[in-house]
Amino acid sequence: MGLPNESGDLLSKMDSDASRRLFPLRFYESHLSISTRPDGRPLKSAREAFVGPGDVASADGSAMTKIGSTTMLAAIKMEIMTPSADKPDEGSIAVEFYMPPICSPLVRPGRPAEIAPVISKQLYDTIMSSGMIDLKELSLISGKAAWMVYLDIYCLDADGALFDAALYSAAAAFSFLQIPVVSLSEEGRLTIIPEEGNGNKSDKDVVNKGKRKLTISSLPFSLTCGLHKNYILPDPTSEEETLMETFVTVVLNSSGHLVSLYKPGGPVLAQTSTIQDCIALTRQRMTDLQKSLDEAITEMKVD
Amino acid sequence: MEIDRTDGRSPNQLRPLACSRGILHRSHGSASWSQGDTRVIAAVYGPKAGTKKNENPERACLEVIWKPKTGQSGKEEKEYETILKRTLQSICILTINPNTTTSIIIQVVHDDGSLLPCAVNAACVALVDAGIPLKHLAVSICCCLATCGHVILDPTKLEEEKMKAFAYLVFPNSINSILPEGSSHTKSKQLEDGLVTSVTHGGMSVEDYFHCLDRGRAATARLSDFLRKNLQSQVLGEGSKAG
């Protein structure tokens, strides 16, 4: 039992940067004991969130979000497809989450990050479970044509809470989405009219005039909390994610329903009270996220 | 009031359970677990020397490989692998064999709903069969929420698709050992109250989720009894063979 005490003595003598690298857990716990986190946050607060339009010209809707320094770029591209035979009046959505080597030192070029397909699947499940998008609305002509929505999310900087930032960017990208104008040709084929050529096309060919926005019923918002001993630490950074091993991700939609409660194992068992606390924290976080998204949407309308 | 289930079960009734251990010759531990028509085979190889990249060599490392019934593994299988890996990490004592890798291979034989819970239970039995040191066992159940707010347990594939929402829950199994008075009592209480893994699909209200948790926890007591009885009887069987 000599070692922990020794390192404790060392810890007080060393400068903070060295102890952070040598004894990360002790360094971290010494911060928790004085109710603060290494980045200066109080224990129960999440990092500041930013959302704005993504400025991807080739996409039909895009958004950029930042949670602390975690950065996500989401873009939506819409294509016309023939709906499947068993669901003739529904469109479909495909979600892909990318983690290029630029985002983190843990991702090496050539071998994709293990977590990326898992987050893609989680995002898809959450978007479908939240009832945010009515797939029937993506139908153009029943049984003949419907929208295929490709949602691609790029992680530019992975500094923890990847799922939260990705879901936020997805919600924002759907809010900013402008559905392209579609015209019906004489042979009965549907084509997308590019933005510039909009004026010289006669109006009666246009199929979806005045239906340029998706109605989004209730947006999902999420918060990941790390559990460490008896602490509940919302919105962990990547440094905290390597130290803690138990995470609970709660997704609520704007009407207060629970969309997902995701806790993949971990050494800390979640008590019912812990889960209740996590849900309460997510409720608080949701109002903040919703507010900054609403501001971004009104700003975009002004432009 | 009552919901009719296609197979005539009551809402709380589980499908018939079956479990056998040591069914594969070459693996260090193996098990087959079935709940009704859903059946999963798990095999454990290891501990083998060395850990994979990006893993902590000071601890034992687990590797989960999920093989679907047909076709290649995709995103869904990758997600199952991650969930199962983190779940099993929480029940294994990782400090005993540092710098080793234990592989757990899950082969889906038939999927008729509650697939992930079935795989968790199978993997757990296979780990016991391989003699991997564990803190406690994990028992898993699927709770399904009908549109009218009723909870049904252990749904079939058809029920999973029809229902509003469902949750895969993993709990630690109840301890049977005699504990000394006082000190460790609070810990065992915590263990009984704890939740290892939760994965949900479909929206539900917060109250409904907690309702699911309660019902799931109550049902896992039965599951864990079955598990314990099964493990004990086979241990006894092996003993008599050796004797």
Side-chain angles (χ1 to χ4, degrees), chain A residues 94-97 105-108 111-126 128-132 218 220 227 230 242 245-253 255-276 278-280 282-283, chain B residues 52-54 56 59 62 73-94 116 120 135-136 138 145 164-172 187 189-210 212-214 217:
Chain A
V95 184
E96 198 64 59
F97 180 74
L106 295 175
V107 187
R108 307 277 304 154
R111 53 165 94 182
E114 258 175 52
I115 197 77
V118 179
I119 294 181
S120 306
K121 175 80 183 12
Q122 238 184 305
L123 282 169
Y124 177 78
D125 285 342
T126 308
M128 298 319 270
S129 304
S130 70
M132 163 168 86
S218 49
L227 304 183
N230 286 325
T242 55
E245 285 161 274
T246 318
F247 301 97
V248 180
T249 304
V250 182
V251 187
L252 294 172
N253 67 12
S255 50
H257 264 63
L258 186 72
V259 175
S260 155
L261 201 141
Y262 186 74
K263 179 187 185 284
V268 181
L269 299 173
Q271 315 295 314
T272 310
S273 61
T274 320
I275 298 170
Q276 272 161 344
C278 289
I279 293 174
T282 312
R283 280 225 171 86
Chain B
K52 288 211 294 183
K53 218 177 172 183
N54 289 340
N56 184 0
R59 299 197 316 180
L62 294 180
S73 56
K75 278 184 200 162
E76 195 174 5
E77 284 74 27
K78 280 268 180 302
E79 193 196 18
Y80 285 152
E81 279 177 8
T82 321
I83 296 167
L84 194 57
K85 183 182 160 186
R86 298 209 186 145
T87 305
L88 296 177
Q89 264 174 344
S90 73
I91 63 162
C92 289
I93 305 174
L94 298 170
L116 187 65
V120 171
K135 281 185 243 173
H136 51 82
L145 193 73
K164 189 172 87 166
F166 60 90
Y168 295 143
L169 305 168
V170 183
F171 298 96
K187 203 169 175 224
K189 182 90 186 144
Q190 258 180 11
L191 199 65
E192 265 167 41
D193 195 29
L195 172 71
V196 181
T197 298
S198 155
V199 179
T200 67
H201 286 257
M204 58 179 112
S205 71
V206 177
E207 295 80 53
D208 282 339
Y209 178 75
F210 284 112
C212 275
L213 264 187
D214 288 342
R217 188 172 287 132

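Labels below follow one simple rule: chain letters A, B, ... track the order of the sequence lines, proteins then strands, and each chain is numbered from 1. All values reported here derive from a predicted model rather than from experimental measurement. Only this structure's heavy atoms are used, side chains among them; waters, hydrogens and symmetry mates stay out.
For the set A:Ile275, A:Leu106, A:Val250, the entry with the most heavy-atom pairs within less than 4.5 Å of chain B is A:Ile275. The choice from A:Thr272, A:Asn253, A:Thr249, A:Leu261 that makes the most heavy-atom pairs within less than 4.5 Å of chain B is A:Leu261. Ranked by heavy-atom pairs shorter than 4.5 Å toward chain A, the options B:Thr87, B:Val196, B:Val199 are led by B:Val196.
Scored by the side chain to side chain contact (heavy atoms under 4.5 Å, CB included) test, B:Lys135 finds B:Ile93 as partners (sequence neighbours excluded).
Heavy-atom neighbours of B:Lys78 NZ from other residues, nucleotides or ligands within 6.0 Å: at or below the threshold of 12.
Contacts between A:Ile119 and chain B at a heavy-atom distance below 4.5 Å are absent for every atom of the residue. In this structure, chain A has no heavy atom under 4.5 Å from any part of B:Val170. For A:Gln276, the parts lying under 4.5 angstrom from a heavy atom of chain B are both the backbone and the side chain. At a 4.5 Å heavy-atom cutoff, B:Gln89 makes no contact with chain A through either its backbone or its side chain. Of the two parts of B:Tyr168, neither the backbone nor the side chain holds a non-hydrogen atom closer than 4.5 Å to a non-hydrogen atom of chain A.
Listed for the B:Thr197 side chain is a donor-acceptor partner under 3.5 Å among the backbone atoms of A:Gly265.
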### Query
Which is it for A:Ser260 and A:Thr126 under the side chain to side chain donor-acceptor pair (under 3.5 Å) test, yes or no, and what are the steps along the way?
CA-CA 7 Å; A:Ser260 155; A:Thr126 308; 4.9 Å; no

### Message
Would B:Tyr209 and B:Ser198 count as a side chain to side chain donor-acceptor pair (under 3.5 Å) here? Give the steps.
### Response
CA-CA 10 Å; B:Tyr209 178 75; B:Ser198 155; 2.8 Å; yes

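With hydrogens and angles left out, the side-chain atoms of B:Ser73 and B:Tyr80 include no donor and acceptor closer than 3.5 Å.
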